[in-house]
Amino acid sequence: MKPSTTRLAAFSSALLLGGVLAATSGNFDVLTVNVAGLPAILNDNGVPGDKATNAATMGAKFSEYGIDIVQLQEDFNYHSHIYRTNTHPHRTATSGGVPFGSGLNTVSYLPWVDFRRIKWNKCSDASQSDCLTPKGFTFMRVATSSDSSTAAYVDFYNLHADAGVEPGDLVARNDNMNQVADYIATWSKGNAVVVAGDFNSRYTRTGDTGIRDFLASENPSGPGLKDAWVELLYNNVIPQSPSSCGNPAANDLCEIVDKVFYRGSPLLNLQATDTRYDTSRFLQADGNVLTDHNPVLVNFTWSSGASLRQSNLFGGPHGTWFSDVPVLAGINKPKTATITFRGGSRLDSVGLTLTDGTRFTHGGTGGSAVSLTLGASEYWTQAELCTGQRDGHTRNFYIRAVTSSGRSLTAGSATRDCQTFVAPSGWQIVGFVGQDGSEIDQLAFVYAPR
């Protein structure tokens with residue numbers, strides 16, 4: 001079990017005033033490692049020993065060292081041995097061995113919502129058999145903190161990019177990076193992000209432009225990420241000629257293909273504080289390495305945003321992600337002027353208009369519309385949501401808004417599965433985050449100071 005002083009840091013560094021979460025901060029660590037799980041008959045990866053035994057050793061060490069989130073690549077045919085010895089409470093189900101699975105898995109002490117696997121649009125067999133398996137990336141929204149009314153989330157991506165240095169490999173790999181960047185732009189809008197994995201890329205390699213496009217310093221129109229290794233060891237300046245690493249790496253200054261990128265958001269300040277190649281802790285009993293890649297460990301600290309925060313997500317992980325956060329971040333002192341819902345037997349849509357005229361609407365056009373106009377000194381301070389089942393999916397069936405004056409607005413049909421959300425003292429509800437389609441699948445509320 002992970003030591004409580006570390007594992008609970010992300011949940012316990014908070015000041016509670018009158019039962020309301022008034023401030024949040026914490027830390028977590030992330031390890032990314034290619035576990036060399038291809039069948040030995042196809043590739044022994046140049047690693048001594050038995051692959052099943054090595055996999056079991058790694059699984060145990062992930063738990064022994066209490067690493068919060070471990071992103072695995074090439075977790076193919078020895079997956080069961082990793083999970084047999086690993087005790088993390090949250091673990092993705094395997095997508096299968098070669099040639100059926102992607103080899104991407106996650107073990108975590110932190111819970112997540114909406115886990116998805118996405119296959120690359122392009123692959124290349126110019127150098128290696130990258131098209132043999134459905135390689136790609138995974139997405140999950142991880143809760144670093146959760147209270148009855150407030151929460152902090154980070155979107156985690158785990159990837160394994162196309163390998164090789166032939167022209168076809170470079171084209172495929174750069175397309176891989178663009179595909180992830182496009183996904184982040186849509187699904188992680190307004191959210192903090194950590195992208196980790198086997199990028200099969202180096203900054204010094206001619207033609208490897210995709211990882212540079214990830215960086216805010218290199219591509220202002222991109223996903224706006226930092227490379228923790230470049231930031232902490234090279235003061236945010238891409239090294240011109242770092243040496244290639246051995247295995248184990250002689251030091252942390254040499255470059256490998258395994259990397260961790262990240263960014264914060266208006267909801268959550270995120271900062272990498274330490275990064276290292278963690279190979280020395282992942283060795284066989286005789287001192288040999290367990291895998292042909294150096295594991296990369298990054299430590300992060302986080303704190304809640306000063307001007308925007310959000311509630312828990314409530315509902316089912318279906319539909320398309322939306323967020324009002326990017327727009328709200330550009331508005332000085334937002335205040336809700338009008339609340340508008342649509343509903344009938346279920347909750348069809350949620351919306352509001354701010355005092356400056358900005359309007360947010362999410363969901364469909366079914367049901368009947370209801371609205372409530374707030375007074376100049378009246379704020380939306382409380383909400384209730386209820387969920388139910390529709391076509392095998394969990395959706396929000398009901399919403400109730402309550403203002404600081406005690407007035408309320410409802411839509412949809414109440415069920416027995418409900419949750420109440422209360423804005424922190426001195427804060428108000430000014431927007432939404434969630435997933436929708438023709439109705440509201442999953443919903444959270446965005447808070448701003450009054």
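The two residues L232 and T275 come nearest to each other via the heavy atoms CD1-N, 3.8 Å. Heavy atoms only, all atoms of each residue included: L352 and G431 are closest at CD2-N, 3.7 Å. G210 and N174 make their closest contact through N-OD1, 2.9 Å (heavy atoms, listed as atom of the first residue, atom of the second, distance). The two residues T279 and P248 make their nearest non-hydrogen contact at CG2-CB, 3.7 Å. Minimum interatomic distance between M177 and F199 (heavy atoms only, all atoms of both residues): SD-CD2, 3.6 Å. Residues Y447 and V422 approach most closely at OH-O, 3.7 Å, considering heavy atoms.
The side-chain hydrogen bond (donor to acceptor under 3.5 Å, both in side chains) test with D198 is passed by exactly one of Q73, H160, K259: H160. Screening F214, Y234, F261 against D227 for a side-chain contact (heavy atoms from CB on, under 4.5 Å) leaves a single residue, F261.
To the nearest 0.5 Å, the span separating CG on L110 from CD1 on I69 amounts to 5.0 Å. Atom NE2 of H362 is separated from atom OG of S323 by 8.0 Å, given to the nearest 0.5 angstrom. One finds the CG atom of N54 at 10.5 Å from the CG atom of L283 (value rounded to the nearest 0.5 Å). Atom CG of residue N396 and atom CZ of residue F314 lie 6.5 Å apart, to the nearest 0.5 angstrom. Distance CZ/F76 to OG1/T133: 4.0 Å, rounded to 0.5 Å. The CG atom of D441 lies 5.5 Å from the CZ atom of R395; values are rounded to the nearest 0.5 Å.
Using a 4.5 Å heavy-atom cutoff, the side chains of P317 and W112 are not in contact. Annotation: side chain of L313 is in contact with side chain of R141 (closest heavy-atom distance under 4.5 Å). Looking at heavy atoms from C-beta onward, V98 lies in side-chain contact with P39 at the 4.5 angstrom threshold. Using a 4.5 Å heavy-atom threshold, the side chains of D162 and N200 count as separate. The side-chain heavy atoms of Y398 and L347, taken from C-beta on, include no pair separated by under 4.5 Å. Here the side chains of L225 and Y262 are not in contact, with every heavy-atom distance at 4.5 Å or above. Looking at heavy atoms from C-beta onward, L215 lies out of side-chain contact with V230 at the 4.5 angstrom threshold. For the pair L159 and N176, the minimum side-chain heavy-atom distance is 4.5 Å or more.
Within the 3.5 Å criterion, the main-chain N or O of I399 finds no donor-acceptor partner in the side chain of E384. Between the W229 side chain and the D258 main chain, no donor and acceptor come within less than 3.5 Å of each other. Between the side chain of N34 and the backbone N or O of E74, no donor-acceptor pair lies under 3.5 Å. D68 places a side-chain N or O within donor-acceptor distance of the main-chain N or O of D29, the cut-off being under 3.5 Å. Judged by distance alone, with hydrogens and angles left aside, the side-chain atoms of R116 form no donor-acceptor pair with the main-chain N or O of F139 at under 3.5 Å. Using a distance-only test at 3.5 Å, with no hydrogens or angles considered, a donor-acceptor pair links the side chain of H88 to the main chain of I67. In terms of modelled atom types and a separation under 3.5 Å, the side chain of K226 and the main chain of A216 share no donor-acceptor contact. The backbone N or O of V237 lies less than 3.5 Å from no partner atom in the side chain of N235, so there is not a single donor-acceptor pair. Not one N or O on the side chain of Q179 forms a donor-acceptor pair closer than 3.5 Å with the backbone of I118. Of the possible donor and acceptor atoms, one in the side chain of D125 sits under 3.5 Å from a partner among the backbone N and O of C131.
Looking only at atom types and distance, the side chain of T150 has no donor-acceptor partner in the side chain of Q310 under 3.5 Å away. No donor-acceptor contact under 3.5 angstrom links the side chains of Y203 and Q240, judged on distance only. A donor-acceptor contact closer than 3.5 angstrom is absent between the side chains of S265 and N191. Between the side chains of S188 and Y157, at least one donor N or O lies within less than 3.5 Å of an accepting N or O. Using a 3.5 Å distance cut-off with no hydrogens or angles, the side chains of W321 and D114 do pair a donor with an acceptor. N86 and S63 are linked by a side-chain donor-acceptor pair at a separation below 3.5 angstrom, with hydrogens and angles left out of the test. In this structure, a donor-acceptor pair under 3.5 Å is present between the side chains of S102 and R117. There is no side-chain donor-acceptor pair under 3.5 Å between H393 and D391. Checking N269 against S303 by side-chain atom types alone, a donor-acceptor pair falls below 3.5 Å.
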For a side chain to side chain contact (heavy atoms under 4.5 Å, CB included) check, start with the C-alpha distance between T92 and Y83, then their side-chain angles and the critical distance, and finish with the verdict.
CA-CA 10 Å; T92 56; Y83 276 26; 3.6 Å; yes
Stepwise, does the side-chain hydrogen bond (donor to acceptor under 3.5 Å, both in side chains) test hold for T273 with N299?
CA-CA 6 Å; T273 58; N299 301 104; 5.2 Å; no
Residues N247, Y277; criterion side chain to side chain contact (heavy atoms under 4.5 Å, CB included); working and verdict:
CA-CA 10 Å; N247 188 21; Y277 302 142; over 6 Å; no
Using the rule given for side chain to side chain contact (heavy atoms under 4.5 Å, CB included), can you reason through E231 versus Q271, listing the C-alpha separation, both sets of side-chain angles and the distance that settles it, and then say yes or no?
CA-CA 10 Å; E231 177 189 20; Q271 179 61 55; 2.9 Å; yes
Salt bridge (charged side-chain N to carboxylate O under 4.0 Å, His left out) between D130 and K135: does it pass, once the steps are laid out?
CA-CA 7 Å; D130 283 289; K135 288 169 64 174; 2.5 Å; yes
Run the side chain to side chain contact (heavy atoms under 4.5 Å, CB included) check on V430 and I331 step by step: do they pass?
CA-CA 11 Å; V430 295; I331 299 175; over 6 Å; no
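The neighbour count for R281 CZ, taken as heavy atoms of other residues, nucleotides or ligands under 6.0 Å away, is above 12.
Scanning for salt bridge (Lys or Arg N to Asp or Glu O under 4.0 Å) contacts around K61 gives an empty result, with sequence neighbours left out.
Ring geometry for F137 against W120 counts as tilted: the plane angle lies between 30° and 60°, on a 0 to 90° scale. Note on ring orientation: taking the six-membered ring where Trp is involved, the planes of F282 and F62 are tilted (angle from 30° to 60°). Ring geometry, Y183 versus W187: the interplanar angle falls under 30°, so the pair is classed parallel (tilted spans 30 to 60°).
D208 and R173 are joined by a salt bridge, as a carboxylate oxygen and a charged side-chain nitrogen come within less than 4.0 angstrom of each other.
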